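Here's the structure we're looking at; comments come further down.
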Amino acid sequence: NILPESYCKIIRNIIDNAMFLKPDLILAPIGKDKCDSGWFASKILADMGFNVIQTIFEDLEPKRELKICTIYLYMIRLRE
């Protein structure tokens, strides 16, 4: 492990898996919707010689109303 034990487990797994699997290409999603640790991980892997392409998604404004959940069931009365 090249990262400290207290570092984010997800990012540690990404770096450990890259070192073990040695993929030809790593797509690293970074940007406002991701944590900074992902950006640092992509830089570490690139510095280690991996072919890393950073993908950035900055369009955070919804194009239409975003519905999280819709329910069509009747509500049940728990108390009468």
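Only a predicted model underlies this, so the values are computations on that prediction, with no experimental measurement involved.
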(request) Please name the pair of heavy atoms, one in A18 and one in L45, separated by the smallest distance, quoted to 0.1 Å. (result) CB-CD2, 3.8 Å
(request) Grab the two heavy atoms, one from I30 and one from S42, that are nearest each other, plus how far apart they are. (result) CG2-OG, 4.4 Å
(message) Within the supplied structure, the quantity of interest is the number of heavy atoms (other residues, nucleotides, ligands) at a distance under 6.0 Å from F40 CZ; does it exceed 12?
(response) no
(message) In the structure I gave you, are the side-chain heavy atoms of I10 and N13 within less than 4.5 Å of one another anywhere?
(response) no
(message) Return the CD1 to CD1 distance between I14 and I44, rounded to the nearest 0.5 Å.
(response) 11.0 Å
(message) Give me the atom names and distance for the closest heavy-atom approach of Y7 to R12.
(response) O-CD, 3.6 Å
(request) Report yes or no: do W39 and I56 belong to one cluster of Ile/Leu/Val/Met/Phe/Trp/Tyr joined by side chain heavy-atom distances under 4.5 Å? (result) yes
(request) Side-chain contact test, heavy atoms from C-beta onward, threshold under 4.5 Å: evaluate it for D24 versus N51 and give yes or no. (result) no
